[in-house]
Number of protein chains: 2
Amino acid sequence: MSSMTQDHSIAATLRDDILRGQYRRGERLPSERDLAERFGVHRSTVRAAFKRLEQLGIADIRQGGARVNPIEEASLDVIEHLLALESPPNPELVDQTLETLSGFLAMAARLGTERADSAQRAAMLTLVTEMIEAPDTDTQRTEIFRALGNAFVEASGNLVLRLVQHGLRTRYSDYVLPDDRQEAVPLAVIEAPLLRLKESIESEDGTNASEALLELTSTIRKRIRNRLVAENNDASRGGPL
Amino acid sequence: MSSMTQDHSIAATLRDDILRGQYRRGERLPSERDLAERFGVHRSTVRAAFKRLEQLGIADIRQGGARVNPIEEASLDVIEHLLALESPPNPELVDQTLETLSGFLAMAARLGTERADSAQRAAMLTLVTEMIEAPDTDTQRTEIFRALGNAFVEASGNLVLRLVQHGLRTRYSDYVLPDDRQEAVPLAVIEAPLLRLKESIESEDGTNASEALLELTSTIRKRIRNRLVAENNDASRGGPL
DNA sequence: CTGCCAAACTGGTCGGACCAGATCTCCGCG
DNA sequence: CGCGGAGATCTGGTCCGACCAGTTTGGCAG
């Protein structure tokens with residue numbers, strides 16, 4: 001963390017303060033000059049930090065004072081920082097992230113399955129097969145799953161979809177993934193949807209692929225939620241959620 | 001445009017240059033000092049502009065020189081600017097935007113329909129009914145449709161979904177919507193899916209609502225695509241798509 | 001108490017400067 | 001002729017101090 005530039009770390013501090021709800025929406029942030037003094041840096045450095053907050057969508061800088069934006073107007077990027085705010089992360093937020101991600105992957109699976117050329121289709125099938133046959137650890141399986149998601153989005157040929165995926169890329173894995181000390185998801189639980197997915201890809205049935213993927217992710221989601229809730233039953237709630 | 005701050009308009013110029021493909025990915029942007037001289041401003045102003053490009057995800061600023069990022073790593077916000085780059089906008093990109101938006105709304109409809117409380121459900125039904133019964137113009141109908149989307153997302157209770165929606169909010173309407181001089185979409189074309197949607201909401205059938213919405217949007221998408229392709233058959237292709 | 005004007009404050013821009021790290025150049029060694 | 005490395009050069013990061021033009025605020029007059 002210490003290798004960051006100063007404006008970066010100042011922005012991070014302010015960002016977390018805001019996300020933690022220390023400033024109410026619409027409220028004015030301290031002035032650049034005040035913050036410069038508080039952090040012991042030049043005003044220009046604080047300015048740089050402010051720009052970051054602005055582009056994150058959580059602050060609105062204008063003459064008269066920078067103001068805190070409502071969280072709904074923020075950029076997707078805040079999700080990552082919201083997740084990092086607590087450890088273990090807020091289970092609800094994790095679940096919402098996974099839910100949204102699942103939905104998008106389902107969409108991508110539909111479009112990608114329908115539009116893939118033969119090479120892309122072959123690659124997809126390889127990945128699904130790998131996931132069934134060589135699932136050493138959850139971590140590894142997750143890696144394959146991620147690649148599969150990329151393959152779907154790639155094959156969809158939809159740039160917008162791709163950008164959404166990238167915005168959602170949120171290193172949720174760091175917060176969310178079962179660690180290795182955790183027992184892996186039993187193959188039995190996910191084999192059925194994986195086989196269905198495989199068939200769908202082969203038969204170019206987008207709708208079916210989409211449903212198979214939803215089926216698959218819903219299982220995983222449920223496991224992660226249960227684990228997090230268990231870990232987190234003493235966490236205090238709060239923040240701008 | 002002239003009321004913008006300078007760093008804003010400089011950022012816009014550089015942004016459009018990049019999106020137009022004048023700099024290849026990975027290529028170095030001119031230095032802050034060079035650009036300051038070219039634009040006749042102080043270096044700090046160019047720096048501010050650079051920060052914007054960085055947070056837009058289209059440039060990577062580091063010692064040694066700022067570099068152009070691949071478009072896939074950009075923020076969702078670039079879509080709006082990509083659309084604005086040509087007039088009429090690139091039909092393919094518009095279609096991709098609408099496709100993603102449709103899928104997204106289908107997701108929201110599924111979740112929102114399943115989770116809405118009675119007040120929210122009533123509001124949804126009102127909107128759908130309005131859309132059937134009082135469709136004076138496409139513009140007006142679009143307004144209702146947008147409100148309906150908000151209602152779904154709101155009812156889903158999913159913050160991540162909400163942020164994606166906001167990111168996708170892209171004033172696509174400005175580029176994409178049928179103008180008033182255009183004949184409105186005949187009610188006959190959209191009445192069936194709207195009725196289906198209504199029933200789905202009443203019966204709390206998320207899957208059905210999702211499908212109804214896809215059915216509805218696919219019709220509209222097709223119309224818009226046809227219109228744009230017709231308008232655009234002489235446009236030159238290019239840019240980082 | 002209200003309305004309005006001036007003072008204080010805020011962000012935007014400027015000029016100029018120094019640092020540390022990245023990049024480039026060019027010379028000398030193999 | 002090729003290659004590696006040292007030094008010059010360039011780049012972004014930060015700082016200082018200053019001025020401008022809008023915003024906000026405080027207090028004075030009505």
Side-chain angles (χ1 to χ4, degrees), chain A residues 1-18 22-70 73-75, chain B residues 1-18 22-70 73-75:
Chain A
M1 291 293 217
S2 58
S3 74
M4 284 171 160
T5 59
Q6 292 189 65
D7 75 86
H8 213 97
S9 81
I10 289 177
T13 301
L14 293 174
R15 186 225 313 134
D16 286 349
D17 282 353
I18 293 175
Q22 295 194 10
Y23 300 95
R24 258 163 302 191
R25 55 174 58 185
E27 196 175 329
R28 264 173 63 175
L29 249 38
S31 75
E32 298 176 347
R33 290 172 176 87
D34 283 355
L35 289 172
E37 192 175 1
R38 183 192 307 179
F39 288 109
V41 298
H42 191 258
R43 180 160 83 105
S44 62
T45 305
V46 175
R47 276 184 71 65
F50 267 33
K51 293 258 179 229
R52 291 183 187 277
L53 300 184
E54 188 184 35
Q55 290 302 104
L56 240 192
I58 60 179
D60 184 20
I61 303 178
R62 54 183 132 153
Q63 279 187 235
R67 290 192 150 71
V68 176
N69 268 351
E73 291 177 18
S75 148
Chain B
M1 288 295 220
S2 58
S3 74
M4 284 171 159
T5 59
Q6 291 189 63
D7 75 86
H8 213 98
S9 81
I10 290 177
T13 301
L14 294 173
R15 186 223 317 131
D16 287 349
D17 282 352
I18 293 175
Q22 296 193 11
Y23 301 95
R24 257 162 302 192
R25 54 173 61 185
E27 194 175 330
R28 265 173 61 174
L29 249 38
S31 74
E32 297 176 348
R33 289 173 176 84
D34 282 355
L35 289 172
E37 191 174 3
R38 182 190 310 176
F39 288 108
V41 298
H42 190 258
R43 190 182 142 218
S44 62
T45 304
V46 174
R47 277 183 70 66
F50 267 32
K51 293 257 179 230
R52 291 182 187 277
L53 301 184
E54 188 184 35
Q55 291 300 104
L56 240 192
I58 61 179
D60 184 21
I61 304 178
R62 55 182 130 151
Q63 277 187 228
R67 290 192 150 71
V68 175
N69 269 350
E73 291 177 18
S75 147

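The sequence lines fix the lettering, A, B, ..., with proteins before strands; numbering per chain opens at 1.
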Whole-Å distance separating the CD atom of B/Glu27 from the P atom of C/dT23
15 Å

note: A/Leu35, atom CG; C/dG11, atom C1'; distance rounded to Å ~ 13 Å

First locate atom CZ of A/Arg15, then atom CZ of A/Arg52, and finally report the distance between them rounded to the nearest 0.5 Å.
10.0 Å

Its contact letters, B for base, S for sugar-phosphate only and - for none at protein heavy atoms under 4.0 Å, make nucleotides 10-19 of chain D read -BBBBBBBBB

Taking the side chain as everything from C-beta on, heavy atoms only, tell me whether [X] gets closer than 4.5 Å to [Y].
X: A/Glu73; Y: A/Asp60; result: no
X: A/Leu29; Y: A/Ile18; result: yes
X: A/Thr45; Y: A/Ile10; result: yes

Is it the case that more than 12 heavy atoms not belonging to B/Glu27 sit under 6.0 Å from its CD atom?
yes

